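All heavy atoms count here, side chains included; hydrogens, waters and symmetry mates do not. Computed from a predicted structure; not experimentally measured. Numbering of ligands and ligand atoms starts at 1, following listing order.
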Amino acid sequence: MISTAMTKALNIQATREYFAAWLYRSMGLWCDEAGLHGAATWMKTQAGEEIEHAERFITYIEDQGGHVEIGALEKPLRKFASLDDVFAKALEHERKVTKWINELYTLALEEKDVATQIMLNWYITEQIEEEQQTQEVLTRLELYGKAPCQLMRIDHELGKRKED
Ligand code: OFO
């Protein structure tokens, strides 16, 4: 059993995870149009992961006997200046997600809700990985991505991404 406040907060985060899927899917569409099909694959894989993140929250709310309600999704960004810009915005978004997960954890601590703390541990670890992998791509793009042949090489590498 989880509190009403916690149920509401987890529902909001589930919706945010769906929004993240929308955002990454939209970024992937931009990449495809820019001829960056490897990056598009990377983004599509990430969108799939975000749906899994949302589903994980939903399953937890249900397992705790809570009421699940998905909120409305805002329109994701569709225009970007460059692939650097796409990954810079992805990193910015992941940092926001980390902050939200930390806020959920703080609420769970305040409520002495140990089960939710344990559930959130997975997301805390996941956010370290998500920020790190996005930052890594952005760094490579900033360092080498200005040369078209290097950009193509990076794009090719991004296309090898498999679901973790
Ligand atoms: Fe990209 O993060 Fe979900 O949780």
Side-chain angles (χ1 to χ4, degrees), residues 2 5-32 36 38-64 66 68-80 83-111 113-142 154-155 157-164:
I2 51 176
M6 182 57 77
T7 305
K8 188 177 170 198
L10 293 173
N11 267 306
I12 289 171
Q13 188 57 34
T15 302
R16 286 169 172 162
E17 299 290 344
Y18 276 121
F19 173 74
W22 251 215
L23 177 63
Y24 284 117
R25 190 70 190 92
S26 185
M27 287 173 166
L29 294 174
W30 181 91
C31 294
D32 262 332
L36 298 162
T41 298
W42 195 100
M43 288 294 165
K44 204 169 174 183
T45 304
Q46 187 61 35
E49 282 199 12
E50 298 299 347
I51 288 174
E52 283 173 24
H53 296 172
E55 291 297 332
R56 203 178 249 262
F57 275 117
I58 287 171
T59 302
Y60 179 74
I61 298 166
E62 285 180 332
D63 288 350
Q64 288 282 15
V68 176
E69 210 160 297
I70 305 297
L73 299 181
E74 63 180 272
K75 190 173 169 4
L77 288 171
R78 182 65 176 82
K79 285 189 187 147
F80 302 92
L83 193 57
D84 294 35
D85 186 37
V86 170
F87 275 89
K89 291 207 165 62
L91 181 59
E92 194 182 307
H93 185 78
E94 285 306 326
R95 287 180 175 155
K96 237 192 277 178
V97 174
T98 300
K99 182 178 153 286
W100 289 327
I101 299 291
N102 290 346
E103 285 169 3
L104 282 173
Y105 195 87
T106 304
L107 178 63
L109 280 174
E110 282 165 7
E111 293 194 353
D113 177 349
V114 178
T116 302
Q117 288 170 41
I118 291 168
M119 183 276 290
L120 287 170
N121 282 340
W122 183 88
Y123 286 92
I124 291 165
T125 307
E126 179 72 5
Q127 278 313 115
I128 295 169
E129 188 192 307
E130 300 246 306
E131 280 194 38
Q132 187 264 334
Q133 71 179 7
T134 313
Q135 176 71 72
E136 196 179 296
V137 177
L138 181 59
T139 301
R140 284 166 62 202
L141 285 169
E142 285 172 347
I154 294 170
D155 183 58
E157 288 298 314
L158 291 176
K160 291 183 190 163
R161 179 177 178 185
K162 303 266 183 303
E163 284 180 38
D164 321 297

Please tabulate, one pair per line, all N/O donor-acceptor pairs under 3.5 Å involving side-chain atoms of residues 69-77, not counting sequence neighbours.
unit_1: E69; atom_1: OE1; unit_2: H67; atom_2: NE2; d: 2.8

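Within the model, atoms NE2 of H93 and CE of M27 stand 8.0 Å from one another, a figure rounded to the nearest 0.5 Å.
Aromatic ring centres of Y123 and Y105: separated by at least 6.0 Å. You'll find the ring centres of F87 and W42 inside the 6.0 Å limit.
Around atom 3 (Fe) of ligand 1, the protein N, O or S atoms closer than 2.8 Å are E17 OE1, E50 OE1, H53 ND1, listed by chain and residue number.
Here is the list of ligand 1 atoms found below 4.0 Å of a heavy atom in Q46: 1 (Fe).
Salt-bridge formation is not detected for the pair E92/K89: no Lys NZ or Arg NE/NH1/NH2 atom is positioned less than 4.0 Å from an Asp or Glu carboxylate oxygen.
Counting only heavy atoms from C-beta outward, the side chains of L104 and F57 approach each other to under 4.5 Å.
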